[in-house]
Amino acid sequence: MLKKKTLFLLLTTLCLTLSNAQKKAPSAEKQSLKENFKNDFLIGAAVNSNQCKELNLEESVLIKKEFNSITPENDLKWSNIHPSKDGFNFDLADKYVSFGEKNNMHIVGHTLVWHSQLASWVNKVQQKDTLQSIISNHINTIVKRYKGRINTWDVLNEALNEDGSPRESVFYNVMGGENYIDLAFDLAAKADPEATLVYNDYNVCNPQKRKGVVRIVKSLKNKGVKIDAVGIQAHWNLTEPSIETIEKTIETLADLDVQVMFTELDITVIPSPWDLEGAAVEQNYEQYENDPKMNPYPEKLPKKIERKLAKRYEDIFKLFLKHKDKVSRVTFWGVNDGQSWLNNWPIKGRTNYPLLFDIKNKPKNAYYLVNALKKK
């Protein structure tokens, strides 16, 4: 009888101990990025058309729980929303905006003017007056349609070369210089005076590219043209850019009296071709397809690399929190690893692991480390 009583007490004590441990252990269900950072900056994700249609219940629940800002991966880019000279296609864009409104999210419009994913008919324009009229019609039609509904616009995307010089896009060449930049921001400001207007680019942390961004911001401000923020795309890797370089970039841009946004954050954990520059989507390296050296983790991410990824995210978010008075939004480029563009860029058919949630929408170690920063 005594032995049975002793055994019962031991089992009861063990159950209580396990129960208390479970209460203290971090649980993804009890955590939320948007809640943890709600007093610091917006936490966003790039979403695709299927996610806006809520075709996957698990992804829908995750997006609503973790993020308070959304950016469209492709649905508002010129080739999709303005595919022909006289024709706009608002079907997917409307669904995107409705999804954001229904869930009380900060809605980003991406992007009004960009040389890539541009409707083919625009590239055939050769007259300055014609192109100016096309830009005006494009921006006025879209921004006015979503006035008061889309909160932030990436007005201009990737207008610079790596050395900070102007990219010779169809807009630059036909318009005869960078005056199309002034035109785009001025049109957007007039179409919706309350919207936040952003210049967005990759490799902004590189000193030469950063100087080019500073030049654009100063030029617009000196002319009295509204620009509210610079978006740093933040397609980074496990070591570069350094935390010191990112901090220098934040401080430099904030000194221009603009908000700093990290608009397309992801961390690649697999190799890239040696001559790869930045995040230009037109880069493609077919010769490396099926090369195991370029796809080293096709099945799963080794624990050692996962720890490095988690530490990298922790260090980055420590910096964001240090400068939360300057950083207004942090957006991940995708919701989960399976959705990431890095699985097919710049080499198709690879497996990358750049985000906080894995292919099954489960939180990774990086998720817990980032959330834990708010408890320290």
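- Remark: the backbone N or O of Ile70 is paired with a side-chain donor or acceptor of Tyr96 at under 3.5 angstrom.
- Checking side-chain atoms of Asn336 against main-chain N and O of Asn361 turns up no donor-acceptor pair under 3.5 Å.
- A 4.5 Å side-chain heavy-atom check between Leu253 and Val204 finds at least one atom pair inside the cut-off.
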Subject >> Steps toward salt bridge (Lys or Arg N to Asp or Glu O under 4.0 Å) verdict (Glu35, Lys38) >> reply: CA-CA 5 Å; Glu35 287 300 318; Lys38 65 182 178 181; 3.3 Å; yes
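- Looking at Glu101 and Ile107, their side chains come closer than 4.5 Å, going by heavy atoms from C-beta outward.
- By the ring-ring contact (aromatic ring centres under 6.0 Å, His included) test, His110 pairs with Trp333, sequence neighbours left out.
- Looking only at atom types and distance, the side chain of Arg329 has a donor-acceptor partner in the side chain of Thr331 under 3.5 Å away.
- Annotation: Ile359, atom CD1; neighbour count of heavy atoms from other residues, nucleotides and ligands within 6.0 Å does not exceed 12.
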**OP:** Apply the test side chain to side chain contact (heavy atoms under 4.5 Å, CB included) to residues His323 and Asp40: give CA-CA distance (whole Å), side-chain angles for both, the deciding distance (0.1 Å), then the verdict.
**Re:** CA-CA 9 Å; His323 293 286; Asp40 306 309; over 6 Å; no
**OP:** Please report the C-alpha distance between Thr141 and Asn137 in whole Å, then the side-chain angles of each, then the deciding distance to 0.1 Å, and finally whether the side chain to side chain donor-acceptor pair (under 3.5 Å) criterion is met.
**Re:** CA-CA 6 Å; Thr141 301; Asn137 180 48; 3.1 Å; yes
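- Between the side chains of Gln339 and Gln51, at least one donor N or O lies within less than 3.5 Å of an accepting N or O.
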Donor-acceptor list for residues 182-200 side chains, cut-off 3.5 Å, not counting sequence neighbours:
unit_1, atom_1, unit_2, atom_2, d
Asp182, OD2, Lys223, NZ, 2.7
Asp186, OD2, Lys190, NZ, 3.1
Asp192, OD1, Glu194, N, 3.2
Asp192, OD2, Gly148, N, 3.0
Tyr199, OH, Ala159, N, 3.0
Tyr199, OH, Asp201, OD2, 2.4
Asn200, OD1, Thr263, OG1, 2.6
Asn200, ND2, Asn157, OD1, 2.8
Asn200, ND2, Glu264, OE2, 3.0

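- In the model, Ser165 has a side-chain atom that pairs as donor or acceptor with a side-chain atom of Asn161 under 3.5 Å.
- Proximity of the aromatic rings of Tyr180 and Tyr172 is defined here by a centroid distance below 6.0 angstrom, and this criterion is not met.
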Original post:
side chain to side chain contact (heavy atoms under 4.5 Å, CB included) between Leu160 and Arg215: does it pass, once the steps are laid out?
Top reply: CA-CA 11 Å; Leu160 296 170; Arg215 175 177 57 78; 3.5 Å; yes
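- Taking the side chain as every heavy atom from C-beta outward, Val125 and Val170 never approach each other to under 4.5 Å.
- Within 6.0 Å of NZ in Lys218 there are 12 or fewer heavy atoms belonging to other residues, nucleotides or ligands.
- Aromatic ring pairs are classed by plane angle as parallel below 30°, tilted from 30° to 60° and perpendicular above 60°; the pair Phe317 and Phe332 is parallel.
- Side-chain contact between Ile81 and Asp75: absent, with no pair of heavy atoms (C-beta onward) separated by less than 4.5 Å.
- Of the possible polar contacts, one joining the Thr111 side chain to the Asp154 backbone as a donor-acceptor pair under 3.5 Å is found.
- Residues Leu355 and Tyr297 fall within the same hydrophobic cluster, defined by Ile, Leu, Val, Met, Phe, Trp and Tyr side chains chained together at heavy-atom separations under 4.5 Å.
- Within the 4.5 Å cutoff, the side chain of Leu238 has heavy atoms near those of the Ile305 side chain.
- Between Phe41 and Phe320, the angle of the ring planes goes over 60°, which puts this pair in the perpendicular group of the 30/60° scheme.
- Counting only distance, with no hydrogens or angles, the side chain of Ser32 and the backbone of Lys65 share a donor-acceptor pair below 3.5 Å.
- At a threshold of 4.5 Å between non-hydrogen side-chain atoms, the residues Glu314 and Tyr368 do not count as touching.
- Hydrophobic cluster membership is shared by Leu256 and Val155, with clusters built from Ile, Leu, Val, Met, Phe, Trp and Tyr side chains linked at under 4.5 angstrom.
- Side chains of Tyr146 and Asp94: a donor-acceptor N/O pair is present below 3.5 angstrom, by distance only.
- Under the 4.5 Å side-chain contact rule for hydrophobic residues, Leu321 and Leu356 share a cluster.
- Using a 30° and 60° split on the angle between ring planes, Phe171 and Trp78 fall in the tilted class, from 30° to 60°.
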Original post:
Is there a salt bridge (Lys or Arg N to Asp or Glu O under 4.0 Å) between Lys364 and Glu306 once you walk through the steps?
Top reply: CA-CA 8 Å; Lys364 292 150 67 173; Glu306 186 174 358; over 6 Å; no
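- Thr249 pairs with exactly one of Arg210, Lys209, Glu244 by the side chain to side chain donor-acceptor pair (under 3.5 Å) rule, that one being Arg210.
- Between Trp345 and His235, the gap from one ring centroid to the other reaches at least 6.0 Å.
- Relative to the six-membered ring of Tyr353, Lys300 misses at least one condition, a distance below 6.0 Å or an angle of at most 45° to the axis.
- Counting heavy atoms from C-beta on, the side chains of Asn295 and Asp291 never come closer than 4.5 Å.
- If you check the side chains of Tyr367 and Gln31, you find no donor sitting under 3.5 Å from an acceptor.
- Counted by atom type alone, Lys77 and Asn80 present zero donor-acceptor pairs between their side chains at under 3.5 Å.
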**OP:** May I have the step-by-step check of side chain to side chain contact (heavy atoms under 4.5 Å, CB included) for Lys124 and Lys85, ending in yes or no?
**Re:** CA-CA 11 Å; Lys124 299 174 183 177; Lys85 184 176 181 180; over 6 Å; no
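- A pairwise comparison of heavy atoms in Ala119 and His82 identifies CB-O, 3.6 Å as the closest pair.
- In this structure, the side chains of Val258 and Asp228 stay at 4.5 Å or more apart for every pair of heavy atoms.
- Of the possible polar contacts, one joining the Arg312 side chain to the Asn237 backbone as a donor-acceptor pair under 3.5 Å is found.
- Listed here is the closest heavy atom pair of Tyr313 and Asp266: OH-CA, 3.7 Å.
- In plain terms, the two heavy atoms of Met175 and Lys128 that are nearest each other are O-CE, 3.5 Å.
- Put simply, the side chain of Ser79 gets close to the backbone of Gln117: a donor and an acceptor are under 3.5 Å apart.
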